[in-house]
**Student:** 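Quick one: the structure is below, and I'll ask about it shortly.
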Amino acid sequence: MDPLEQIKVTFFQECQELLADLEAGLMALEAGEADGDTINAVFRAVHSVKGGAGAFGMEDLVHFAHVFETTLDDTRAGRLVADDEVIKVMLRASDMLADHVAAAQGGPAVDMARSEALAGELAALGLTPSDAGPVIEELPGLDFTPLPAFVPGDEPVPDELGFTPMRASLDLPEMPPPAGWRVQLTPGAGMYAKANDVTPLLRELERLGPCLTTLDASALPDLAAMDAEGAYLSWTVDLAADCPREQVAEAFEFVDGDCTLTIEPMGPAPAADVFPTDLEALLAEARLPMAPSSEAEVQAVIDEVVPPIPVKVAPAAAAAATAASEAGAGPAAQATIRVDLERVDRLIDLVGELVINQAMLAQRVAEAGVTRSSNVAVGLDELEQLTREIQDSVMAIRAQPVKSVFQRIPRLVREIAASTGKQVRLVTEGEGTEVDKTVIERLSDPITHMIRNAIDHGLESPAQRRESGKPEEGTVKLVALHRSGRIVIEVSDDGAGINRPRVRQIAVDKGLIDPEAGLTDDEIDNLIFLPGFSTAATVSNISGRGVGMDVVRRSIQALGGRISITSVPGKGSTFTMSLPLTLAVLDGMVVTVGEQTLVTPLTAIIETLQPKAADVRTLGPSSRVIAVRDAYVPLVDVGAVLGWRREAPDPCDGVCLLVESEGGGRAALLVDAIQGQRQVVIKSLEANYQQVPGIAAATILGDGRVALILDVDAVIALRGRTAPPPPLALAS
Amino acid sequence: MSLTVLTVDDSKTMRDMLMLALRDAGFDVVQAVDGVHGLEVLDQSSPQVIITDINMPRMDGFGFIEGVRRDSRHRGVPILVLTTESDPGKKDRARQAGATGWIVKPFTPAKLVDAIRRVAA
Amino acid sequence: MIEAATNPSEPRRELVSFRAGDQEYCVDIMAVREIRGWTPSTTLPQSPPYVCGVINLRGAVLPIIDFNCRLGRESVTPSARHVIIVTHIGHRLVGLLVDAVSDILTVTDDAIQPTPDVACDTVRSFVRGILAIDGRMISLVALDRILPDLEAEAA
């Protein structure tokens with residue numbers, strides 16, 4: 001890629017981080033949790049966006065960023081107080097800035113009228129610091145032009161040569177162009193203190209034309225009396241060049257003020273006196289010695305900051321080392337490197353294949369009759385251990401905190417709250433919870449829909465809340481945590497909860513349930529997940545964007561996840577979504593059911609049981625339960641649920657897996673035998689086929705055959721539907 | 001023998017752009033991400049010219065320049081300040097801190113090299 | 001290789017023809033990824049009778065469809081005598097269980113006759129045309145509906 005294009009990519013990546021910092025800082029200010037540096041950090045974020053955008057000529061973005069930056073500058077300087085109203089405008093400005101960045105990246109164009117209006121609001125904030133009047137609302141049709149002081153582009157832009165456009169000097173009489181210029185330069189001590197040096201300046205003049213340089217060293221005292229940092233020399237340069245005075249003056253731009261400088265036009269006759277002097281020697285005395293740098297020193301810096309990476313795999317490590325040395329400029333405290341995601345994915349795929357191969361090898365060795373205590377078997381065990389560790393480490397590389405998903409939510413909440421007229425406060429917890437990249441990218445949509453649902457349907461309007469004695473501002477809580485080897489995301493609201501009679505009635509009206517059916521509260525709550533269900537009497541603009549909770553549930557289930565809802569009328573509702581930590585690997589228990597080999601996720605299994613006849617009881621017409629210590633647990637025949645056999649086998653001939661479902665209930669899954677525990681690589685069924693009820697995914701076992709991975713919750717849920725018909729036919 | 005330039009800027013984009021322009025012009029480049037880091041790298045690499053941003057976390061450009069000038073080993077190193085602000089107040093403050101010159105953003109590679117030439121021995 | 005071209009200058013298509021049950025069919029060669037022998041598949045629960053199961057295709061899970069059964073005829077008992085045609089359907093890979101692969105046909109579009117209207121849904125869903133070659137009737141099939149239709153099954 002063209003290097004400038006690569007930097008543009010970097011810029012947009014950096015913008016994402018900056019915009020996140022900006023939003024976080026503003027929210028901290030809003031919550032009163034800011035510290036002394038917060039406002040500076042906020043300013044810097046916008047400043048940096050503007051700087052980079054300017055380099056790439058992204059004018060609209062620069063223009064808006066500049067207005068925003070000015071307002072922030074006023075705030076950090078104390079000229080503007082950041083009260084609630086001001087911060088609200090700034091939050092909207094940060095959203096608009098993000099929109100401008102997206103547009104610059106090729107995304108949807110920004111509504112410039114809105115942008116200009118918001119810029120006007122920002123500018124107005126600075127103009128009326130202590131005015132208690134209301135912030136100027138966006139008035140359609142009002143063309144608010146910011147004051148010229150805030151608009152960049154008023155400053156004269158130097159051209160390629162750094163030459164500032166000349167302004168006509170009115171007090172110079174018409175004169176013929178001089179044959180050259182005589183420059184007299186007497187540096188002051190301040191000039192050297194700023195490390196300005198005369199040599200480069202003289203060099204600059206030489207580039208304009210031939211120079212005759214004389215040095216006046218008359219003020220130079222004895223070496224003993226000389227102040228090493230003092231200034232005693234004076235130069236006169238006769239420059240024979242037909243150029244404007246400004247061009248000569250420009251060379252001295254940096255030193256102007258620290259020296260005595262005169263630039264006079266030179267007559268056709270050159271100056272007569274020329275004192276050749278050993279310029280170099282005198283300059284060497286006057287100049288302070290500088291530490292020499294060398295290739296070796298620079299290399300030493302790099303080696304110190306970036307310890308050499310042991311090279312095993314050539315191309316990847318070489319590239320990673322380059323990446324590391326580029327990033328080595330970063331502070332050593334947090335050693336990270338940027339790596340191409342493709343490389344990590346490839347690595348993970350290869351490790352997955354390694355796991356499969358290792359399992360196949362182990363199987364063949366076992367089949368060949370090698371004893372467990374032999375060297376080969378022991379070696380294989382070690383190999384399995386090593387492979388497992390490699391896999392864990394590699395998966396950890398790709399694990400990311402859910403923060404990146406959570407970061408988009410505050411803005412989403414602001415927008416939905418605004419368009420539904422509700423007041424919402426967002427609380428988040430656990431944004432550091434880590435999950436594999438394969439799962440993270442799939443979290444965003446379900447979370448978005450759950451949040452939309454919570455605000456749109458869950459929370460009441462401010463007026464309704466007032467009537468119920470609740471604070472007008474509703475709270476939506478977004479939590480991520482690890483539980484039982486899975487990641488759990490909860491979205492809860494303190495709204496009105498599910499209106500059960502209404503939900504039930506809608507389900508009946510739509511023919512989704514039998515009017516006579518007796519449903520528990522939980523069952524009614526979960527009706528909203530049925531296809532074809534929509535609670536909104538008028539499908540509001542947001543939730544009606546084509547997605548019902550049934551689609552949300554299906555997409556979560558396609559990942560091997562579950563979603564459920566609990567609700568307390570008047571108090572609020574909580575959506576709970578759980579997903580596997582990774583879509584790549586699974587610890588499983590391999591079992592046989594009939595002639596089929598299945599894998600049950602180990603995280604779902606509490607223990608295994610060998611049922612005895614006395615432990616098995618019958619409840620009701622045909623349901624069986626099994627005694628587990630002091631409790632009775634439903635017995636689920638996996639073979640029957642999956643439709644592989646009709647006759648219930650004798651539980652005592654088989655093995656029971658005691659499992660816990662997401663809702664907390666327990667069940668005993670009846671299988672024929674346990675073959676062992678294994679870590680398996682998850683293969684998707686949906687990639688080439690589709691979702692299969694009761695099955696989460698597939699894997700390839702050591703014998704090369706496909707084995708299905710059970711979806712424990714689904715198997716338990718399916719039990720009701722596929723139970724064999726009761727002996728008495730009921731009138732339907 | 002090529003010059004070593006130390007660039008100090010908290011924006012990776014800006015660091016990358018400076019690196020590109022400076023390398024193309026034949027300079028060697030070392031980088032730092034803020035004032036504190038800049039002083040550390042300065043100790044280790046002894047560049048001939050420093051280019052620094054003003055707005056940075058931990059220690060801003062002014063603090064960095066003052067820190068450089070306080071150290072007798074580095075007093076003579078020219079420091080160019082990168083600024084989007086043509087605010088004369090900022091320039092003055094930079095110069096008071098000890099800045100040698102300035103470069104206004106957005107800069108062209110040519111302007112960058114010009115400025116370096118004007119201050120580098 | 002059989003060519004059935006009435007107009008030499010018209011663009012040609014290549015089709016793979018195969019036998020399933022007592023009928024002959026063909027599909028666009030562009031849809032065919034590979035042809036392999038039969039391996040035992042892993043049964044999928046609660047699946048339609050024409051879905052034999054899934055097999056391992058170099059690390060990917062490949063569904064196998066009993067082609068004869070899918071087209072409404074009787075299902076077969078898969079064995080080593082059968083052949084699996086691995087096809088692309090959209091972004092999916094699907095294996096078709098058939099009796100044997102016959103030829104590769106090169107035809108021009110006008111060699112394809114319209115499907116006779118026999119008032120049968122299955123025919124309408126799958127057959128896109130008929131080829132008459134050497135006295136054989138070969139049905140040109142389109143595979144986009146070959147997998148179970150999710151919505152229809154859920155109804």
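Within every chain, numbering begins at 1; the chains are lettered A, B, ... in the order of the sequence lines, protein sequences first and strands thereafter. Owing to the predicted nature of the structure, the values given are computational and were not obtained by experimental measurement.
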**Student:** Regarding B/R117 and B/D114, does a basic nitrogen lie under 4.0 Å from an acidic carboxylate oxygen?
**Tutor:**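 Between B/D114 and B/R117 there is a salt bridge, with a charged N closer than 4.0 Å to a carboxylate O.
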**Student:** Using non-hydrogen atoms and a 4.5 Å limit, figure out which bit of B/L82 sits close to chain A: side chain, backbone, both or neither.
**Tutor:**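 Looking at B/L82, nothing touches chain A.
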**Student:** Are more than 12 heavy atoms, taken from residues, nucleotides or ligands other than A/E59, located less than 6.0 Å from that residue's CD atom?
**Tutor:**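 No, not enclosed.
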**Student:** Out of B/I50, B/V104, B/I65, B/T100, which one pairs with B/V81 under the side-chain contact (heavy atoms from CB on, under 4.5 Å) rule?
**Tutor:**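 Only one of B/I50, B/V104, B/I65, B/T100 forms a side-chain contact (heavy atoms from CB on, under 4.5 Å) with B/V81, namely B/I65.
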**Student:** Identify which part of A/N196 has an atom lying under 4.5 Å from any heavy atom of chain B, answering side chain, backbone, both or neither.
**Tutor:**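 Interface part for A/N196: both.
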**Student:** Please identify, among A/E17, A/R207, A/K8, the residue contributing the most non-hydrogen atom pairs under 4.5 Å to chain B.
**Tutor:**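 Of A/E17, A/R207, A/K8, A/R207 has the most heavy-atom pairs under 4.5 Å with chain B.
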**Student:** Give, for atom CG of B/D71 and atom CG of B/L39, the distance between the pair rounded to the nearest 0.5 Å.
**Tutor:**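 Separation between the atoms: 8.5 Å.
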**Student:** Using non-hydrogen atoms only, which part of A/V9 is less than 4.5 Å away from chain B: side chain, backbone, both, or neither?
**Tutor:**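 Neither; nothing under 4.5 Å.
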**Student:** Would you name the heavy atoms of B/L6 and B/Q31 that are closest together and state the gap between them?
**Tutor:**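 Distance-wise, the nearest heavy atoms are CD1-C, 4.1 Å.
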**Student:** Which bit of A/L4 comes within less than 4.5 Å of chain B, counting heavy atoms only: side chain, backbone, both or neither?
**Tutor:**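 The answer is both parts of A/L4.
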**Student:** Verify side chain to side chain contact (heavy atoms under 4.5 Å, CB included) between A/Q6 and B/D16, making sure each step is shown before the conclusion.
**Tutor:** CA-CA 9 Å; A/Q6 179 61 51; B/D16 284 355; over 6 Å; no
**Student:** Taking side chain as everything from C-beta outward and backbone as N, CA, C, O, which of these in B/R69 sits under 4.5 Å from a heavy atom of chain A? Side chain, backbone, both or neither.
**Tutor:**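 Answer is side chain: those atoms of B/R69 sit under 4.5 Å from chain A.
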**Student:** Can you tell me which portion of B/D10 sits under 4.5 Å from chain A's heavy atoms? Options are side chain, backbone, both or neither.
**Tutor:**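 For B/D10, backbone and side chain are both near chain A.
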**Student:** Where on A/T10 is there a heavy atom nearer than 4.5 Å to chain B: the side chain, the backbone, both, or neither?
**Tutor:**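 When you check distances to chain B, atoms from both the backbone and side chain of A/T10 fall under 4.5 Å.
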**Student:** Please look at A/A55 and chain B and tell me whether the side chain, the backbone, both or neither of the residue comes under 4.5 angstrom of a heavy atom of that chain.
**Tutor:**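 For A/A55, heavy atoms of backbone and side chain both lie under 4.5 Å from chain B.
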**Student:** Does any backbone or side-chain atom of B/A115 lie under 4.5 Å from a heavy atom of chain A? Answer side chain, backbone, both or neither.
**Tutor:**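 The answer is both parts of B/A115.
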**Student:** Is B/D43 salt-bridged to B/R73, going by a charged N under 4.0 Å from an acidic O?
**Tutor:**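 Judged by the 4.0 Å cut-off on N to carboxylate O distance, B/D43 and B/R73 do form a salt bridge.
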**Student:** Name the region of A/F12, side chain, backbone, both or neither, that has any atom closer than 4.5 Å to a heavy atom of chain B.
**Tutor:**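 A/F12 has no heavy atom closer than 4.5 Å to chain B.
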**Student:** Apply side chain to side chain contact (heavy atoms under 4.5 Å, CB included) to A/T75 and A/F43, showing your working.
**Tutor:** CA-CA 9 Å; A/T75 309; A/F43 170 87; over 6 Å; no
